[in-house]
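First comes the structure, then the notes that go with it.
The sequence lines fix the lettering, A, B, ..., with proteins before strands; numbering per chain opens at 1. Please read all numbers here as calculations on a predicted model, not as lab measurements.
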Amino acid sequence: MPPKKSKTSDAKGPKTSSRKRKRENENDLPAKVEEKKSAVESYSHWIMKSEPESRFENGVDLKFGIEDLKKCKNQTDCWDGVRNYQARNFMRDQMKIGHKVFFYHSNCKEPGIAGICKIVKESYVDHTQFDSKDPHYDRSAKKDAPKWFMVDVKFERMLKRFIPLSELKSLHLSHKADGGTLKNMALFTRARLSVQPVTQEEWDFILNLENEEKT
DNA sequence: GCCAACGTTGGC
DNA sequence: GCCAACGTTGGC
């Protein structure tokens, strides 16, 4: 596994030391709801956010754009550093080998979708939770009870053109008015989630944009 | 750099 | 188990 570099990390892992109460996984959906949900909606397409511009946390550069993924061995890397329960649950419970992912650039000059990657390894323990030097260290995670998980993603291709957030946003807004495909897109309804599901219809619609002129 | 939105913490 | 305070995300 390549060393240290972190994707958009969502909320920080709990930093507190002296928890009386174990709040572990409190934000998980109750088992029943979770079962029900995944029975109803099972996703095979995703958006994963990462920061393509340098930003230092604890002296570590969090930069990891699609060009960085390309440079990895086998153009593959582990998606470590996710510290949000919903994002984790998507990775842990629903991502399967072969699923397609839009690689999204966040917290940068021009946010948007840069390319496509795919899941090549399903959920396993995110080692960075145990590493006190890592910006995403979680002191509450124990080796025998890991809290955070990751998947491996492999670069597939760049989009024919970068699809900026601004374009998706204006489509989202007009689709909200006319019932179009992107009306419920998680990118806007769940803006802070760094790992989000994309419906087949949304995926096809967005992919088609790369063939069009920028509007 | 600002700050709205929203997830998390922890006292009660 | 509520909810105020706090912390983070990420667009702008």
Side-chain angles (χ1 to χ4, degrees), chain A residues 5-34 37 46-69 79-93 101-115 126 128-129 132 134-142 145-150 162-176 182-198 206 209 214-215:
Chain A
K5 84 208 87 40
S6 291
K7 287 67 192 180
T8 303
S9 49
D10 294 289
K12 291 310 266 215
K15 282 178 169 166
T16 34
S17 50
S18 52
R19 282 295 63 75
K20 284 176 230 150
R21 234 178 341 161
K22 260 268 155 104
R23 282 237 167 196
E24 188 163 348
N25 301 1
E26 179 147 302
N27 236 43
D28 290 348
L29 294 167
K32 254 189 204 161
V33 176
E34 206 152 20
K37 273 196 107 174
W46 308 92
I47 286 179
M48 295 172 99
K49 299 181 185 176
S50 189
E51 304 186 26
E53 294 172 8
S54 283
R55 187 169 67 83
F56 288 86
E57 220 170 271
N58 299 351
V60 179
D61 192 356
L62 300 183
K63 171 184 186 294
F64 191 78
I66 196 163
E67 296 298 336
D68 298 295
L69 177 60
W79 204 270
D80 58 297
V82 170
R83 296 294 181 268
N84 167 281
Y85 290 117
Q86 295 190 29
R88 177 201 69 181
N89 292 350
F90 281 134
M91 288 199 298
R92 188 190 59 186
D93 305 333
V101 179
F102 282 136
F103 195 114
Y104 178 89
H105 283 169
S106 70
N107 204 14
C108 56
K109 213 150 184 201
E110 189 164 39
I113 298 170
D126 179 344
T128 65
Q129 68 195 295
S132 61
D134 192 279
H136 303 113
Y137 174 58
D138 181 353
R139 64 197 306 170
S140 73
K142 298 286 168 275
K147 288 175 71 169
W148 306 110
F149 297 83
M150 60 189 183
F162 182 84
I163 312 282
L165 177 65
S166 58
E167 184 176 345
L168 292 168
K169 190 176 201 171
S170 71
L171 286 164
H172 168 68
L173 288 175
S174 64
H175 288 190
K176 270 212 296 189
L182 302 188
K183 64 174 186 296
N184 295 323
M185 212 187 162
L187 199 54
F188 306 101
T189 60
R190 314 286 334 281
R192 293 178 45 185
L193 247 198
S194 72
V195 175
Q196 14 180 288
V198 175
I206 292 166
L209 294 175
K214 182 171 182 182
T215 46

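For L165(A), the side-chain atoms get nearest to dG11(C) when compared with the rest of dG11(C), dT8(B), dT8(C). The side chain of S194(A) lies closest to dG10(C), out of dG10(C), dG7(B), dG11(C). Closest to the side chain of N107(A), from the set dG10(C), dG7(B), dC6(B), is dG10(C). Comparing atom distances between the S106(A) side chain and each of dG11(C), dG7(C), dT8(B) picks out dG11(C) as nearest.
Atom NE2 in H136(A) sits roughly 14 Å away from atom P in dT8(B) (whole-Å rounding). Atom-to-atom, CZ of R190(A) to P of dC6(B) comes out at 9 Å; the value is rounded to the nearest Å. Distance, E53(A) CD to dG10(C) P: 14 Å, rounded to whole Å. With rounding to whole Å, Q196(A) atom CD is found 13 Å from dC6(B) atom P.
Between K49(A) and dG10(C), a side-chain N or O to OP1/OP2 separation shorter than 4.0 Å is present. Between R83(A) and dT8(C) there is no side-chain N or O to OP1 or OP2 distance below 4.0 Å. Residue Y104(A) places at least one side-chain N or O closer than 4.0 Å to OP1 or OP2 of dG11(C). Taking only side-chain nitrogens and oxygens, K169(A) comes nearer than 4.0 Å to OP1 or OP2 of dC12(C).
By the 30° and 60° cut-offs, the orientation of the rings of W79(A) relative to F103(A) is perpendicular.
Taking a cutoff of 4.0 Å between a charged side-chain nitrogen and a carboxylate oxygen, R83(A) and D126(A) qualify as a salt bridge. Under 4.0 Å is where a charged nitrogen must lie from a carboxylate oxygen, and between D68(A) and K63(A) at least one such pair does.
Checked against the 6.0 Å centroid criterion, the rings of Y137(A) and W148(A) do not qualify as a close aromatic pair.
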